[in-house]
Amino acid sequence: SRLPAFLGAPGILGIGPLTPRLAPPARRRVFEAQLALAAELRRPVLVRLPARAEAPAVSAIVPATRGAKLEPSAVIVQGGTPRSIQILHALGYCCGLEAIVPEVAAPLASRLGAGALVLGSGLGGGPVDFLAPHRTVLLAREAGLSPSACRALAGRTATRLFGLSL
């Protein structure tokens, strides 16, 4: 009963990371309730795809966010393959990569636009980790991305998602 009040406090910018657990059904209902709470509080969410059950989790995210009346643009889905990122991006979700692999990030940013991705440093915390902007810019430059693409990858997308102005 105190959780909604805590998560609704002015200093809380988002909720997560959440992981879509599909079995048993009680875990799925917990995930759906967390999404519904985020929608009620008008908070963006970070959803982390499980490494071993990525395809079922991707399939579960869309109906769960729709059922919670949570806009896809208010959801960063972290992890996944380039293919799942492309699918989720086409559906309006913001996609996060845990770590930048130049051979993966550069083509994705070129295809989807740098503003479609939020990249983490790979050192923990995903797109919300504190080391991400510095390491992101370094690796994005090494991958040959333009300065404006580097800025978008380093946080412009995340700051827009969380309603911040820097």
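In this chain, numbering begins with 1 at the start of the sequence shown. Computed from a prediction, not measured in an experiment: that's the story for all the values here.
When every heavy atom of A38 is checked against every heavy atom of L70, the shortest pair comes out as C-CD1, 4.3 Å. G8 and L41 get closest at one heavy-atom pair: N-CD1, 3.9 Å. Between L35 and A64, the shortest heavy-atom distance links the atoms CD1-CB, 3.6 Å. Heavy atoms only, all atoms of each residue included: A68 and A39 are closest at O-CB, 3.1 Å. Pairing each heavy atom of Y93 with each of V75, the nearest pair is CD2-CB, 3.8 Å. In plain terms, the two heavy atoms of C95 and I76 that are nearest each other are C-CG2, 4.4 Å.
In this structure, CG on L13 lies 12.5 Å from CG on L46, to the nearest 0.5 angstrom. Rounded to the nearest 0.5 Å, atoms CD (Q78) and CG (L18) are 11.0 Å apart. Atoms CD and CZ, from E71 and R66 in turn, are 10.5 Å apart once rounded to the nearest 0.5 Å. The OG atom of S84 sits 6.0 Å away from the CG atom of L49 when rounded to the nearest 0.5 Å. Here S73 contributes atom OG and L91 contributes atom CG; the two are 12.5 Å apart, rounded to the nearest 0.5 Å.
Considering only heavy atoms from C-beta on, Q86 stays 4.5 Å or farther from H89 through its side chain. R43 has its side chain out of reach of L7: every pair of non-hydrogen atoms, C-beta onward, lies at least 4.5 Å apart.
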Exercise for the section: Could you go through the side-chain contact (heavy atoms from CB on, under 4.5 Å) check for I61 and V77 one step at a time? Expected result: CA-CA 9 Å; I61 289 170; V77 181; 3.9 Å; yes
Practice task
Walk me through it: do F6 and I12 pass the test side-chain contact (heavy atoms from CB on, under 4.5 Å)?
Solution key: CA-CA 8 Å; F6 175 76; I12 305 296; 4.1 Å; yes
